[in-house]
Participant: 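Sending over a structure as structure tokens; questions will come in a sec.
Source: prediction; values computed, not measured.
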Amino acid sequence: EVQLVESGGGSVQAGGSLRLSCTASGISFDNSDMAWYRQAPGNECGLVSIISSDGSATYADSVKDRFIISRDNAKNAVYMQMNSLKPEDTAVYFCVADRKGFIATMPWQVCRRYGYWGQGTQVTVSS
């Protein structure tokens with residue numbers, strides 16, 4: 001069974017930080033691209049960040065220079081450090097895995113139509 005398990009969400013004030021973690025099992029992690037998506041109140045959903053199997057990172061414009069995605073292949077884990085959080089970052093954050101090179105080719109507003117998805121972790125940022 002493929003499992004992606006997120007943790008690290010919580011409630012913080014604007015300007016604060018959180019670090020999300022995702023542990024994967026049942027996939028060839030070293031040959032997978034990993035991503036974080038988020039679903040905001042009202043169900044708007046979109047890509048936040050991607051880290052490819054070779055470690056190259058891509059970010060949505062809204063989080064560039066504030067969030068950092070990383071991975072540890074020895075632990076089958078992906079992380080996202082979130083700094084300078086804003087109220088508009090409030091969302092459920094999902095860990096996503098798919099085959100190498102695929103996630104970046106998909107429309108970034110499309111969720112749960114491909115790959116493997118975790119259960120999500122809630123991030124709430126108050127003003």
Side-chain angles (χ1 to χ4, degrees):
E1 180 183 357
V2 175
Q3 291 189 354
L4 303 173
V5 180
E6 304 99 329
S7 62
S11 182
V12 298
Q13 288 229 346
S17 297
L18 288 170
R19 186 173 188 254
L20 304 184
S21 298
C22 170
T23 299
S25 61
I27 64 170
S28 179
F29 188 85
D30 290 4
N31 295 119
S32 298
D33 287 354
M34 305 295 298
W36 291 95
Y37 280 71
R38 65 187 182 186
Q39 185 166 327
N43 294 322
E44 183 177 4
C45 190
L47 178 75
V48 179
S49 60
I50 308 167
I51 186 162
S52 67
S53 60
D54 68 2
S56 179
T58 303
Y59 300 93
D61 288 344
S62 59
V63 307
K64 188 174 177 63
D65 300 322
R66 297 190 296 123
F67 293 7
I68 301 172
I69 188 171
S70 61
R71 66 192 292 161
D72 185 341
N73 288 355
K75 294 182 171 65
N76 280 13
V78 61
Y79 311 96
M80 188 164 67
Q81 178 69 39
M82 305 186 295
N83 299 318
S84 301
L85 284 161
K86 304 174 180 180
E88 52 262 45
D89 295 318
T90 295
V92 178
Y93 284 72
F94 296 93
C95 179
V96 180
D98 214 317
R99 59 191 181 273
K100 182 168 54 181
F102 184 75
I103 295 175
T105 72
M106 294 295 294
W108 289 12
Q109 306 81 235
V110 174
C111 292
R112 297 171 179 162
R113 302 290 183 87
Y114 63 91
Y116 299 101
W117 289 68
Q119 84 287 352
T121 185
Q122 176 72 48
V123 171
T124 302
V125 185
S126 59
S127 58

Participant: Is there a side-chain contact between Thr121 and Val92, using heavy atoms and a 4.5 Å cut-off?
Facilitator: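 Thr121 does not reach Val92 side chain to side chain.
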Participant: Could you check whether atom CD of Gln119 has more than 12 heavy atoms from other residues, nucleotides or ligands sitting under 6.0 Å from it?
Facilitator: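 Yes, CD of Gln119 has more than 12 neighbouring heavy atoms, counting only those of other groups under 6.0 Å.
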Participant: Hey, what do you get for CG (Leu4) to CE (Met34), rounding to the nearest 0.5 Å?
Facilitator: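 Interatomic distance, Leu4 CG to Met34 CE, rounded to 0.5 Å: 5.5 Å.
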Participant: In terms of ring plane angle, is the pair Phe102 and Tyr114 parallel, tilted or perpendicular, where the classes change at 30° and 60°?
Facilitator: perpendicular
Participant: Go through the steps to decide whether Tyr59 and Ile69 satisfy the test side-chain contact (heavy atoms from CB on, under 4.5 Å), and finish with yes or no.
Facilitator: CA-CA 9 Å; Tyr59 300 93; Ile69 188 171; 3.5 Å; yes
Participant: Quiz question: by atom type and distance under 3.5 Å, do the side chains of Ser56 and Asp54 form a donor-acceptor pair?
Facilitator: no
Participant: Check the pair Lys86, Arg66 against side-chain contact (heavy atoms from CB on, under 4.5 Å), reporting the backbone distance first and the verdict last.
Facilitator: CA-CA 10 Å; Lys86 304 174 180 180; Arg66 297 190 296 123; 3.8 Å; yes
Participant: side-chain contact (heavy atoms from CB on, under 4.5 Å) for Leu47 and Val96? Distances and angles first, verdict last.
Facilitator: CA-CA 10 Å; Leu47 178 75; Val96 180; over 6 Å; no
Participant: So, do Ile51 and Val78 sit near enough that their side-chain heavy atoms are less than 4.5 Å apart?
Facilitator: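 Yes. Closest side-chain heavy atoms under 4.5 Å.
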Participant: Between Ser17 and Gln81, what is the shortest heavy-atom contact and its length?
Facilitator: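 Smallest interatomic distance, heavy atoms only, reads CB-NE2, 3.9 Å.
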Participant: Restricting to non-hydrogen atoms, name the atom on Lys75 and the atom on Thr23 that form the minimum distance, rounded to 0.1 Å.
Facilitator: O-CG2, 4.3 Å
Participant: Would you check if Tyr116 and Asp98 make a side-chain contact, meaning some heavy-atom pair closer than 4.5 Å?
Facilitator: no
Participant: Please name the pair of heavy atoms, one in Gly101 and one in Thr105, separated by the smallest distance, quoted to 0.1 Å.
Facilitator: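 Closest heavy-atom pair between Gly101 and Thr105: O-CG2, 3.4 Å.
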Participant: Looking at side-chain heavy atoms only, is the closest gap between Met80 and Ser49 below 4.5 Å?
Facilitator: yes
Participant: Any idea which heavy atoms bring Pro87 and Ala14 closest together, and the distance?
Facilitator: CD-CB, 4.1 Å
Participant: What distance separates Cys45 SG from Arg112 CZ, expressed to the nearest 0.5 Å?
Facilitator: 6.0 Å
Participant: Quick one, Cys95 and Trp36 - any side-chain contact, counting heavy atoms below 4.5 Å?
Facilitator: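 Cys95 vs Trp36: side chains touch.
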Participant: Determine, step by step, whether Trp117 and Tyr37 satisfy the ring-ring contact (aromatic ring centres under 6.0 Å, His included) criterion, reporting the C-alpha distance in whole Å, the side-chain angles of both residues, the deciding distance to 0.1 Å, and the verdict.
Facilitator: CA-CA 9 Å; Trp117 289 68; Tyr37 280 71; 5.0 Å; yes
Participant: Identify whether NZ of Lys or CZ of Arg in Arg71 sits under 6.0 Å from the centre of the six-membered ring of Tyr79 and within 45° of that ring's axis.
Facilitator: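 Negative - Arg71 is either too far from the ring of Tyr79 or too far off its axis.
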Participant: Run the side-chain contact (heavy atoms from CB on, under 4.5 Å) test on Leu85 and Leu18 for me, step by step, so that the C-alpha distance in whole Å, both residues' side-chain angles and the decisive distance to 0.1 Å come before the verdict.
Facilitator: CA-CA 8 Å; Leu85 284 161; Leu18 288 170; 4.2 Å; yes
Participant: Just so I know, are the side chains of Asp89 and Met82 near enough to count as touching, which here means a heavy-atom distance under 4.5 Å?
Facilitator: no
Participant: Looking at every heavy atom in both Thr90 and Val125, which two are closest together, and how far apart are they?
Facilitator: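 Result for this residue pair: OG1-N, 2.9 Å.
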Participant: Rounded to the nearest 0.5 Å, how far does CZ of Arg19 lie from CD1 of Ile68?
Facilitator: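 So the gap between those two atoms works out to 10.5 Å.
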Participant: Measure the spacing between OG of Ser53 and CG of Asp30 and express it to the nearest 0.5 Å.
Facilitator: 8.5 Å
Participant: Might you point out which heavy atoms bring Asn76 and Phe29 nearest each other, and give the distance in Å?
Facilitator: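 Closest approach of Asn76 to Phe29: OD1-CB, 3.4 Å.
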Participant: By the definition side chain to side chain contact (heavy atoms under 4.5 Å, CB included), identify the one residue from Trp108, Tyr93, Phe94 that meets it with Val48.
Facilitator: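 With Val48 as partner, side chain to side chain contact (heavy atoms under 4.5 Å, CB included) holds for just one option, Tyr93.
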Participant: State the CD1-OG distance between Ile27 and Ser32, to the nearest 0.5 angstrom.
Facilitator: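 Rounded to the nearest 0.5 Å, the CD1-OG separation comes to 4.0 Å.
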Participant: Quick one: pull up CD in Gln122 and CD in Glu6 and give me the separation to the nearest 0.5 Å.
Facilitator: 12.0 Å
